[in-house]
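Taking it in order: structure first as structure tokens, then the write-up.
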Number of protein chains: 2
Amino acid sequence: MARAKESLTITTPPGEDAGDIGEIRDIVGFHLRLAHGAVYRHFTETFVDLGLTQKQVSVLWLVGDHPGIAQTGLAQRMRMDRATTMAIINRLEARSLLERGKSETDGRKQSLNLTDDGRAMLATAKEAIRAHEEWLKSRYTAREVQLLIELLTRLHE
Amino acid sequence: MARAKESLTITTPPGEDAGDIGEIRDIVGFHLRLAHGAVYRHFTETFVDLGLTQKQVSVLWLVGDHPGIAQTGLAQRMRMDRATTMAIINRLEARSLLERGKSETDGRKQSLNLTDDGRAMLATAKEAIRAHEEWLKSRYTAREVQLLIELLTRLHE
DNA sequence: TATTGTTATACTCTATAACTATA
DNA sequence: TATAGTTATAGAGTATAACAATA
């Protein structure tokens, strides 16, 4: 396992005990967090006019693709718990972008659907996503994009 | 550009307008967010006993590697603004894991250093990080790990 | 003027716990 | 008993704005 590659400044600082596992630059989780943060910031800039967050766009998109989906269905696809899902659905419903209905097959479940405003918003959001993704993909070849998606998928599947 | 690969259920749902840019599964940002979330959750489980977050561990690590670093130095390395950095430093200082001092060369800057408790905590945290990283890397070959780091680095450099 | 630290403020995400209604 | 939704609560990260001290 490669380590201490391209060290920035100090490799063995004073006061370092045992348990040294190398440079922070060798930690995958560190790069994942920085990369996520960078993409999150660019996303926020792109979407500041629409007033939508990453999560909200994902929910709109999934509800658009799966009309009548229940909140638990969303939670599973987005790896969120019920309370977090509630908070996001509440905000989108308050803005009249989607609406809750009762499921016909299971009285416990909700049936989520986009409103006309929600569909229009989703179409606009997808255009913004396209620009955002172009910015993101501009640093990769098409093959590298596929590779990155495959590697990332292994982390959340 | 490949699209509509391994579609889950509905590929062309009713009510879909123009501006369709493909499946949400083709969006790099979507996978990046899910992957980050999965790693974040595992990290939280690993660190629940220590009571440290990703950001807090990263800050301890960087301060340990760069004794006397200023808050702006931390902010640059972690891509945070000053206010966010303050909030994290405040929590760590309140737990006596690091301490603020005045810089000798620039009266505006702070000089951050770990306390003895902070060094001990960092050593423990690095052990936990090692286990966390092994869990993460278990799904990759060594070459894929290097590749993933390189691809992620292009997003935040 | 620019930089650094600080404080105040606000929003989002995340998670836990407890409650209600339904299966 | 288990599942789905709901509500309340809390902590953490993120960002903006305004201010004081220093360069």
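Below, chain A is the first sequence line, B the second, and so on; all start at residue 1. Predicted model only: the values in this text are computed from it and were never measured.
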To the nearest Å, give me how far apart CE (A/Met80) and P (D/dA4) are. 15 Å
Could you tell me whether a side-chain N or O of A/Arg79 sits under 3.5 Å from a main-chain N or O of A/Arg77, the two making a donor and an acceptor? yes
To the nearest angstrom, how far is A/Arg82 atom CZ from D/dT3 atom C1'? 8 Å
Tell me whether the OP1 or OP2 atom of D/dG13 has a side-chain N or O from A/Arg33 closer than 4.0 Å. no
Salt bridge (charged side-chain N to carboxylate O under 4.0 Å, His left out) for A/Glu134 and A/Arg130? Distances and angles first, verdict last. CA-CA 6 Å; A/Glu134 275 183 15; A/Arg130 195 179 55 73; 3.1 Å; yes
Roughly how far, to the nearest 0.5 Å, is the CG atom of A/Leu152 from the CG atom of A/Leu147? 9.5 Å
Extract from the structure each pairing of a protein N or O with an N or O of nucleotides 20-23 of chain D at less than 3.5 Å, listing the distance.
unit_1	atom_1	unit_2	atom_2	d
D/dA23	OP1	B/Gly107	N	3.0
D/dA23	O4'	B/Arg108	NE	3.4

Between C1' on C/dC13 and CD1 on A/Ile89, what's the gap in Å once rounded to a whole number? 14 Å
Taking it one step at a time, do A/Leu52 and A/Leu97 satisfy side-chain contact (heavy atoms from CB on, under 4.5 Å)? CA-CA 11 Å; A/Leu52 292 175; A/Leu97 297 177; 4.2 Å; yes
Rounding to a whole Å, what distance do you find between A/Asn90:CG and D/dG5:P? 12 Å
Nearest-nucleotide 5' precedence on DNA chain D, A/Gln71 against A/Tyr40: A/Gln71
Just the rounded figure in Å: distance from C1' of C/dT4 to CG of B/Leu112. 12 Å
Contact list for DNA chain D against residues 44-60 of chain A - heavy-atom distance below 4.0 Å: none
Does a side-chain N or O of B/Arg79 approach OP1 or OP2 of D/dT14 to a distance below 4.0 Å, or not? no
Counting side-chain heavy atoms from C-beta on, which of D/dG5, C/dT4, C/dT7 comes nearest to B/Thr72? C/dT4
Atom-to-atom span, CE of A/Met78 to P of C/dT14 - whole angstrom: 8 Å
Should the pair A/His36 and B/His36 be assigned to parallel (<30°), tilted (30 to 60°) or perpendicular (>60°) ring geometry? parallel
Can you measure A/Ile88 atom CD1 to D/dT6 atom P for me and round it to whole angstrom units? 14 Å
If the threshold is 4.0 Å, N to carboxylate O, is there a salt bridge linking B/Arg154 and B/Glu150? yes
Between A/Tyr140 and B/Leu151, is there a donor-acceptor pair closer than 3.5 Å when you use the side chain of the first and the backbone of the second? yes
In this structure, how many angstroms lie between the P atom of D/dA2 and the NZ atom of A/Lys109, rounded? 17 Å
Give a yes/no answer on whether the side chain of A/Arg91 brings an N or O atom under 4.0 Å of OP1 or OP2 in C/dT12. yes
Rounded to the nearest 0.5 Å, what's the gap from OH on A/Tyr40 to CZ on B/Arg33? Could you check? 11.0 Å
Where is the tightest heavy-atom contact between B/Phe47 and B/Ala128, given as atom of each residue plus distance? CZ-CB, 3.5 Å
